[in-house]
**Student:** 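Structure incoming, see below.
Owing to the predicted nature of the structure, the values given are computational and were not obtained by experimental measurement. To find a chain, count down the sequence lines: A is the first, B the second, and so on, and within it residues start at 1.
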Amino acid sequence: MVNTRGELVPYICPECRSKNIIHDDESGETICSNCGLVIAEPNLDTGPERRAFTQTERETRTRVGMPLSFSLYDKGLSTVIRIGRDAYGRELPLKTRKQMLRLRRWQNSCGVHASVDKNLAQAMAELERLSERLHIPSPIQETAAVIYRKALKKGLVRGRSISAIAAASLYAACRLTQAPRTLRELASHTPIDKKDLAKYYRLLVRVLDLRMPVANSQLRVPKIAALAGVGEETQRMAVEILREAERLKATSGRNPMGLAAAALYIACLENGENRTQKVIADASGVTEVTVRNRYKELKEILGNGGMR
DNA sequence: TAAGATAAGAGGGACAT
DNA sequence: ATGTCAGTCTTATCTTA
């Protein structure tokens with residue numbers, strides 16, 4: 001398996017030696033479907049954004065400094081005012097020096113800039129920490145950073161904890177890209193209560209007018225399957241079941257994770273790959289009761305509909 | 001021991017007041 | 001703004017095969 005940069009991506013999981021490597025085109029991750037290890041994150045080209053063919057082109061098109069990134073709290077472009085000398089190292093007249101001293105004091109301590117910068121620095125550090133813990137690829141982290149900036153601009157952070165809004169931004173970014181991270185997973189790495197996180201997430205969606213894609217239960221299958229150790233064949237069957245259920249309009253108003261779990265459970269039974277409801281429930285993060293209820297419904301809808 | 005059943009309670013969306 | 005309602009999911013407990 002080769003990615004777009006031509007680098008070889010292992011097709012055997014380095015963790016568990018499984019060959020069930022899958023690629024999630026939505027999130028851009030390459031995941032071992034056996035143990036859930038994220039083998040490759042989305043292909044990020046860290047080189048210059050334009051190609052160069054001649055020597056002069058190479059010189060003119062090479063960028064100086066780091067690529068701009070929203071994850072850096074000042075976008076990597078902070079201004080540092082130095083006093084005493086001009087750009088050529090010459091002494092400046094006293095009047096100018098005094099003026100610059102005042103300017104620097106303004107920039108550093110007075111008013112909005114200092115507090116906004118401090119806030120962003122803290123938030124970006126928290127995003128970084130959470131992304132690291134949860135193996136969230138950097139494009140999603142960048143999206144979260146953009147969301148956080150907007151939230152800060154709208155004054156949504158005032159009166160709420162920075163890390164809470166940061167975590168909510170990250171969750172929102174995951175939802176935007178359909179990357180399967182649950183609210184609970186986010187909350188487990190943060191001191192913030194899951195309930196509050198959900199509240200802030202909704203706040204972000206509402207105020208920032210984020211348009212979330214409809215949650216797709218089919219995308220949840222590989223993750224649950226990985227955690228429950230279910231093979232690819234069975235996964236495919238589960239996805240098929242979900243597709244059929246959606247066609248029959250049996251999925252509206254239901255937690256996608258619960259649906260995916262039940263579909264996978266059914267597929268396991270059909271395939272003789274026996275897993276208990278508890279195993280599936282634990283892997284998917286819903287309760288056994290929910291798995292059962294969805295299971296019953298899906299069987300009801302599909303069963304006499306003539307699958308097999 | 002897994003699966004099914006039942007009940008109470010929580011939290012949020014829709015809608016009316 | 002606040003309350004009510006229907007519906008979903010969770011937690012807990014008991015029963016069944």
**Student:** Starting at atom CD of Glu288(A), determine the distance to atom P of dA2(B), rounded to an integer number of angstrom.
**Tutor:** 9 Å
**Student:** Just how far, in rounded Å, is C1' of dT8(C) from OH of Tyr295(A)?
**Tutor:** 21 Å
**Student:** Look at Lys278(A) and dT1(B) and indicate whether a side-chain polar atom (N or O) is within less than 4.0 Å of OP1 or OP2.
**Tutor:** no
**Student:** Any ring-ring contact (aromatic ring centres under 6.0 Å, His included) pairs touching residues 188-220 of chain A, not counting sequence neighbours?
**Tutor:** Tyr171(A)-Tyr201(A)
**Student:** Run Leu298(A) and Tyr265(A) through side chain to side chain contact (heavy atoms under 4.5 Å, CB included) and show every step you take.
**Tutor:** CA-CA 11 Å; Leu298(A) 285 179; Tyr265(A) 178 66; over 6 Å; no
**Student:** Measure from CG on Asn255(A) to P on dG13(B) and round the result to the nearest Å.
**Tutor:** 14 Å
**Student:** Classify every nucleotide of nucleotides 12-17 of chain C by which part a protein heavy atom approaches to under 4.0 Å, writing B for the base, S for the sugar-phosphate alone and - for neither, in 5'-to-3' order.
**Tutor:** B-----
**Student:** Roughly, in whole Å, what's the span from CG in Asp282(A) to C1' in dA3(B)?
**Tutor:** 15 Å
**Student:** Quick one: Lys296(A) NZ to dT6(B) C1', roughly how many Å, whole number?
**Tutor:** 10 Å
**Student:** Output yes when at least one side-chain N/O atom of Arg294(A) is less than 4.0 Å from OP1 or OP2 of dC9(C), else no.
**Tutor:** yes
**Student:** From dC9(C), dA3(B), dG12(B), pick the nucleotide closest to the side chain of Tyr265(A)?
**Tutor:** dA3(B)
**Student:** Could you check Thr276(A) against Lys195(A) and say which one's nearest nucleotide on DNA chain B is further toward the 5' end?
**Tutor:** Thr276(A)
**Student:** Where along residues 246-253 of chain A does a heavy atom come under 4.0 Å from DNA chain B, residue by residue in number order?
**Tutor:** none
**Student:** Are Ile162(A) and Glu126(A) close enough, and set up right, to give a side chain to side chain contact (heavy atoms under 4.5 Å, CB included), and what steps lead you there?
**Tutor:** CA-CA 9 Å; Ile162(A) 291 175; Glu126(A) 179 67 5; 5.9 Å; no
**Student:** Would you please say whether a donor-acceptor pair under 3.5 Å links the side chains of Thr182(A) and Glu185(A)?
**Tutor:** yes
**Student:** Take Glu240(A) and Arg236(A) through the test side chain to side chain contact (heavy atoms under 4.5 Å, CB included) and record every step on the way to the result.
**Tutor:** CA-CA 6 Å; Glu240(A) 208 43 58; Arg236(A) 267 195 289 279; over 6 Å; no
**Student:** Could you please name the option among dG4(B), dT10(C), dG12(B) that lies closest to any side-chain atom of Val286(A)?
**Tutor:** dT10(C)
**Student:** Indicate, with a heavy-atom threshold strictly under 4.0 Å, whether Thr287(A) touches base, sugar-phosphate, or nothing.
**Tutor:** base
**Student:** Is the shortest side-chain N/O distance from Thr290(A) to OP1 or OP2 of dT10(C) below 4.0 Å?
**Tutor:** yes
**Student:** Using a strict 4.0 Å threshold on nitrogen-to-oxygen distance, state whether Arg294(A) and Glu297(A) make a salt bridge.
**Tutor:** yes
**Student:** Would you mind reading off the distance between Asn293(A) atom CG and dA5(B) atom P, rounded to a whole angstrom?
**Tutor:** 9 Å
**Student:** Would you kindly give the CG-to-P distance between Asn274(A) and dT1(B), to the nearest whole Å?
**Tutor:** 17 Å
**Student:** So, for Leu156(A) and Ile165(A), which heavy atoms are closest and what is the spacing to 0.1 Å?
**Tutor:** O-CD1, 4.2 Å
**Student:** Using the side chain to side chain contact (heavy atoms under 4.5 Å, CB included) rule, pick out the option among Glu246(A), Arg243(A), Met257(A) that qualifies with Ser217(A).
**Tutor:** Glu246(A)
**Student:** Identify the heavy atoms of Ala173(A) and Ile147(A) that sit nearest to each other, and give their distance.
**Tutor:** N-CD1, 3.9 Å
**Student:** Take atom CD of Gln277(A) and atom P of dC9(C), then tell me their distance rounded to the nearest Å.
**Tutor:** 16 Å
**Student:** Where is the tightest heavy-atom contact between Ala260(A) and Val221(A), given as atom of each residue plus distance?
**Tutor:** CB-CG2, 4.2 Å
